[in-house]
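Comments concern the structure below.
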Amino acid sequence: MVKSNTSALGILFPNSYDALVPELVNVRLMASIPFASRYRMIDFILSSMANCGIDNISIMVNNNYHSLMDHLGSGREWDLVRKNGGLNIFPPFAEKNSKLYTGRVDAMASILDFLRSQKEKYVVISDTNLAVNFDFNAMIQAHVESGADVTSAYNEQEFPESILRNLSNDKGFYYTFSIDKGRITKIYVNTKETGVQNFGMNIHVIDRELLIDLVNTAFVRGQQYFERDILLPHLNRLHVHAYKYNGYVARISGMKSYFDENMKLLDDYNLDALFSGSPIYTKIRDDNPTRYIEGAKAENVMVADGCIIEGTVENSILFRGVKVEKGAVVKNCILMQDTHVQSGAQIEYLITDKNVTVSHGKEMRGTDTFPVYIAKGHTI
C-alpha cells in the first residue's frame, strides 16, 4: 500500500452522533465502536482514504478518545507512519483558548494554522458513523470535472426508524438534498419525510483555501455546523455538487440499527458488497485461530480469531477472544471481545460489550426489535 494522493488531505470527526448510541459510547466514541467481528467503525473510512493514497489525515477528537488512540496507535496498519503528513490526532484544549468542539466549524477553526501550512489542494471531510468501502479518488475526480466549490456525497435510502425517532438537535443533524442536474439546490435539516431520500453522508470535498476562508468567516460569526451554517445559507453563491454513492452503506443511528447492520453481514451478498472492494485494515491482535471443540455447533456465524466454541452458536457475530462453553446456547447475538458464556447459559438477542461474563445456567433473551445490551465488564 505504498501510494500517495498529493492532491488531498483528510479530516475525520470521530465523535459525531455519539448521542445516538449512549450505551456504546460510555467507554468509547462512535469511531471506535466494534463492528463486523473484528473492526472498529473508523476502520472503514480510514482504510478507504488510505487505499486512495490519502496519507495526510487529521482526526478531530472531542472527548472519550482513549480507546480510539489505543486502536489507532501510530497508524502503522493503515500505512500512515510518515515523516510528513501521516496520522494526526487533534484533541481539544491543545491551545490555551481552545475548548470542546460543538461542531465542525469550531473544530476546524482550531487547526486553521495547520491547514494553511499544508500543500494539498483539496480537503476531504467525513464523519465515522458509516461502514462503507468508499472510492475517494472517484469523488475527487467528479469534484474536479464539475468545477464545483464543494462536492457532497449522498446515497438513496429510506430514513431508518431509529433516526426518525431520535431527530432532535441535541443528538445531531441529518441532511437530505434536493438535486437539479447534479447540483444541490436545497438542503433539509432533520426532515421527517418518509420514503426514499437523497440522504447526505456528511462526506465532502472542498478546495483547501476555500475551506479556510469559509471556516474563518463562520467562526467569527459564532456559527458551528458546516452543512447547516455554511452550505445551506449559501447554496445560491456556492456551487455544491451532489455525488451519488451507489455502494453498500451501513449507517449507525441507534442501538437497533447497530444490531441490524451487524446482522446484515451474515448474508453473503451484503458481506461481499462491503468487503469485496479495497481491503479494510484494522489493529492487529496476534491470536490463535478460532477453535471448534468436538460437539460444538456453529451455523450462520461471523467469528473472529481467538475464539473457543464448545457449545451452540447460531446467527451470531463473535469478536476476538469469545468463549462459549459446552452446553451453552447463543442465538442471534453480538458478543464483543473476550465475552465468556459459561456452560448451560442460554442467550438470545443480546449485545454484550467487552469482557462480559454470562454465568452458568443463566438465561437472558431480548427480541429482534429490542436487543438487550450488557455493559463492559459486567457479569450476569
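Note that these values count all heavy atoms, side chains included, but never hydrogens, waters or copies made by symmetry.
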May I ask whether [X] and [Y] are part of the same hydrophobic cluster, defined by side-chain heavy atoms of I, L, V, M, F, W, Y residues being less than 4.5 angstrom apart, directly or through others?
X: Val329; Y: Leu335; result: no
X: Ile42; Y: Val27; result: no
X: Leu238; Y: Ile212; result: yes
X: Leu211; Y: Ile184; result: yes

Without swapping roles, check the side chain of [X] against the backbone of [Y] for a donor-acceptor pair under 3.5 Å.
X: His143; Y: Ile206; answer: no
X: Gln342; Y: His360; answer: yes
X: Asp267; Y: Lys264; answer: no
X: Asn62; Y: Leu100; answer: no
X: Asp43; Y: Arg40; answer: yes
X: Thr339; Y: Asn355; answer: no
X: Asn190; Y: Tyr174; answer: yes
X: Ser117; Y: Leu115; answer: no
X: Asp149; Y: His239; answer: yes
X: Ser359; Y: Lys362; answer: no

Side chain to side chain contact (heavy atoms under 4.5 Å, CB included) between Val356 and Met336, intermediate numbers included: CA-CA 8 Å; Val356 165; Met336 294 188 195; over 6 Å; no

Walk me through it: do Ser178 and Tyr188 pass the test side chain to side chain donor-acceptor pair (under 3.5 Å)? CA-CA 8 Å; Ser178 286; Tyr188 302 95; 3.2 Å; yes

Beyond-backbone contact of His71 with Tyr39, side-chain heavy atoms, under 4.5 angstrom: no

Can you measure from [atom1] ([X]) to [atom2] ([Y]) and round to the nearest 0.5 angstrom?
X: Ile308; Y: Tyr292; atom1: CD1; atom2: OH; answer: 12.0 Å
X: Leu12; Y: Leu68; atom1: CG; atom2: CG; answer: 9.5 Å
X: Met60; Y: Asn15; atom1: CE; atom2: CG; answer: 10.5 Å
X: Lys186; Y: Thr176; atom1: NZ; atom2: OG1; answer: 11.5 Å
X: Ile351; Y: Phe259; atom1: CD1; atom2: CZ; answer: 6.5 Å
X: Asp18; Y: Leu24; atom1: CG; atom2: CG; answer: 10.0 Å

After noting the C-alpha distance and the side-chain angles of Asn133 and Ser48, does the key distance pass the side chain to side chain contact (heavy atoms under 4.5 Å, CB included) rule? CA-CA 6 Å; Asn133 204 326; Ser48 295; 4.2 Å; yes

Could you walk me through whether Asn51 and Tyr281 pass the side chain to side chain donor-acceptor pair (under 3.5 Å) test, one step at a time? CA-CA 10 Å; Asn51 289 327; Tyr281 309 100; 3.1 Å; yes

Please determine whether side chain to side chain contact (heavy atoms under 4.5 Å, CB included) holds for the pair Lys121 and Asp207, giving the CA-CA distance in whole Å, both sets of side-chain angles, and the decisive distance to 0.1 Å. CA-CA 6 Å; Lys121 181 173 177 56; Asp207 184 273; 3.1 Å; yes

Say whether Asn202 and Arg104, considering side chains only, have a donor N or O and an acceptor N or O under 3.5 Å apart. no

When you check the side-chain N and O atoms of Gln223 and Arg228, is any donor under 3.5 Å from an acceptor? no

Report the residue from Ile11, Leu9, Ile140 that forms a side chain to side chain contact (heavy atoms under 4.5 Å, CB included) with Val124. Ile140

Derivation and outcome, side chain to side chain contact (heavy atoms under 4.5 Å, CB included), residues Ile45 and Val132: CA-CA 7 Å; Ile45 292 292; Val132 294; 3.7 Å; yes

Looking at [Y] and [X], is there a salt bridge between them, counting it only when a charged N and a carboxylate O are closer than 4.0 Å?
X: Asp70; Y: Lys283; value: yes
X: Arg116; Y: Asp113; value: yes
X: Lys326; Y: Glu310; value: no
X: Glu156; Y: Lys244; value: yes
X: Asp287; Y: Arg38; value: no

Tyr245 and its ring-ring contact (aromatic ring centres under 6.0 Å, His included) partner, picked from Phe134, Phe199, Tyr154: Phe134

Checking ring-ring contact (aromatic ring centres under 6.0 Å, His included) between Tyr225 and each of Tyr101, Phe219, Phe173, which is the one that passes? Phe173

Using the benzene-type ring in the case of Trp, are the ring centres of Phe44 and Phe35 under 6.0 Å apart? yes

Hey, do the aromatic rings of Phe136 and Tyr122 have their centres closer than 6.0 Å? no

Can you list the residues that meet the side-chain hydrogen bond (donor to acceptor under 3.5 Å, both in side chains) rule with Ser152, with sequence neighbours excluded? His204

Verify side chain to side chain donor-acceptor pair (under 3.5 Å) between Asp368 and Tyr349, making sure each step is shown before the conclusion. CA-CA 6 Å; Asp368 59 344; Tyr349 291 108; 5.0 Å; no

